[in-house]
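Here the structure comes first, spelled out in structure tokens, and everything after it is commentary.
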2 protein chains.
Amino acid sequence: MARPRKFDREDVLNRMKLAFWENGFNDISMDDVGRITNMNRGSIYNAFGDKRALYLEVLEVYGDQHYGAAVKLIQHSQNTSSAVRDLYDAAFKSMEEGRTHWGCFMCNAAVEVAPVDTEVANLVTKYLTTLSTAFLNSLEESDQLTSQNDSPAMKYSKNPQNLAEQLTASYVGFNIMARTGVATASLQRISDSAVESVTS
Amino acid sequence: MARPRKFDREDVLNRMKLAFWENGFNDISMDDVGRITNMNRGSIYNAFGDKRALYLEVLEVYGDQHYGAAVKLIQHSQNTSSAVRDLYDAAFKSMEEGRTHWGCFMCNAAVEVAPVDTEVANLVTKYLTTLSTAFLNSLEESDQLTSQNDSPAMKYSKNPQNLAEQLTASYVGFNIMARTGVATASLQRISDSAVESVTS
DNA sequence: CTGCATATTGACTGAACGGTCAAAAACAAG
DNA sequence: CTTGTTTTTGACCGTTCAGTCAATATGCAG
């Protein structure tokens, strides 16, 4: 019936994910988008709307992929301590794969775009909240196990929500510092300290 | 000998500090700069060089003022716990004064500019390091007091450096989340948890 | 008052930007 | 082959941007 599309939507979104992640919203021009996706200007606007709409869609893809993976990783860990360790290990692995100073796309969006785009702000808040919630669930689960073992010191039950959001804040700060180019040794110490903070 | 300047350099830098802090580098045009400082284009370029040089100078002013104040605040606190509390109290106070979603200029620069400007990256790293160092000094001082009191549990002496950098990462994350517009209640929990992490 | 050094003024420039549009192209259905 | 629908193509538009520059103004020294 109609002319078929030449591009693969998922592939385009993933390419743009990497581009926006590394360079932010403002430093990627629509010419760049064309070059990166091998699409012409008109096709891009026809398929995705304007630049902002593309960015929003791409950011959601990132959120689903990366924060979704993080939440699953936390859920499948035996306890919060190893959950945090696994999370930071994944971050370090990502850096070693060539994304040394990229930080976290969601955190970057929080600084660059969220203040002038409520929809982006809502998206960022949503994914950060899922992370905090995953931490909280993990902490409460660990607490339950601890009390089953008749251990008197229920380490986290006092303020598990505070600690959960603290872990999120640390993770955000870690990523910002990674993007800035803070030394790996410092990042490693931050990671270690986060693990320690949930180790009995 | 020569025509005297009409503007006050310090005042201009402070005005631009607020503008760049709130809006970032890219969202402030040189027209904006002119409007904010009541200067003409040529005068600005004559006095400060180009936009990047102005930004760099302004960022350094911010660093000296705000991180300088933070370090002094930590030094003058009785122990690390109250130091952290005071630091976050100052942050909340700044928010209540109309800078609700501004975050921290240094952290914003870390995300927006540092990745494409090594000089900015170095500046950011420098001030973040001063903060970590202040935390570390405070922790070691607190530890010393604790051991003088013959208390067996020297809480922080195991990994004071890790904890110090963790406090910095948390502070950075806190500010990013504040800029995003995360609920005040969440920010308060992060603050509380940071204080708890250095309370015996 | 004269000359000199510097600051101010604001119009100007070229480049880069996001976004538009009409024409051409590529399919499937009849 | 014709028709209808959607995509592709790339030239084009108005705007905004950082930065420049020659003319003018303002002080001080002699």
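Within every chain, numbering begins at 1; the chains are lettered A, B, ... in the order of the sequence lines, protein sequences first and strands thereafter.
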Would you find a donor on one side and an acceptor on the other, under 3.5 Å apart, between the side chain of B/Ser191 and the backbone of B/Leu187? no
Taking the six-membered ring for Trp, is the centroid-to-centroid distance between B/Phe174 and B/Phe92 below 6.0 Å? yes
What about the rings of B/Tyr55 and B/Phe105, do their centers lie closer together than 6.0 Å? yes
Closest to the [X] side chain, choosing from [options]:
| X | options | value |
| --- | --- | --- |
| A/Lys51 | D/dA18, C/dG18, C/dT8 | C/dG18 |
| B/Asp50 | D/dG19, C/dT9, D/dT7 | D/dG19 |
| B/Ser43 | C/dT9, D/dG27, D/dT8 | C/dT9 |

Return the value, rounded to whole Å, for the distance between atom [atom1] of [X] and atom [atom2] of [N].
| X | N | atom1 | atom2 | result |
| --- | --- | --- | --- | --- |
| B/Arg41 | C/dC12 | CZ | P | 14 Å |
| A/Asp8 | D/dT7 | CG | C1' | 16 Å |
| A/Ile44 | D/dG10 | CD1 | P | 13 Å |
| A/Tyr45 | D/dC13 | OH | C1' | 13 Å |
| A/Met39 | D/dT6 | CE | P | 17 Å |
| A/Phe20 | C/dG18 | CZ | C1' | 12 Å |
| A/Arg5 | D/dT9 | CZ | C1' | 16 Å |
| B/Asn23 | D/dC17 | CG | P | 12 Å |

Does [X] put a side-chain nitrogen or oxygen below 4.0 Å from OP1 or OP2 of [N]?
| X | N | value |
| --- | --- | --- |
| A/Arg3 | D/dT5 | no |
| A/Asn40 | D/dT8 | no |
| A/Lys6 | C/dA26 | no |

Do you know the tightest heavy-atom contact between A/Ser193 and B/Gln166? OG-CB, 3.2 Å
Which atom pair, heavy atoms only, marks the closest approach of B/Ser82 to B/Ser77? OG-CB, 3.6 Å
Both B/Ala2 and B/Asp31 contact DNA chain D. Which one's nearest nucleotide lies toward the 5' end? B/Asp31
Which part of the nucleic acid does [X] contact within heavy-atom distance under 4.0 Å: base, sugar-phosphate only, or nothing?
| X | value |
| --- | --- |
| B/Met30 | sugar-phosphate |
| B/Ser29 | sugar-phosphate |
| B/Ile28 | sugar-phosphate |

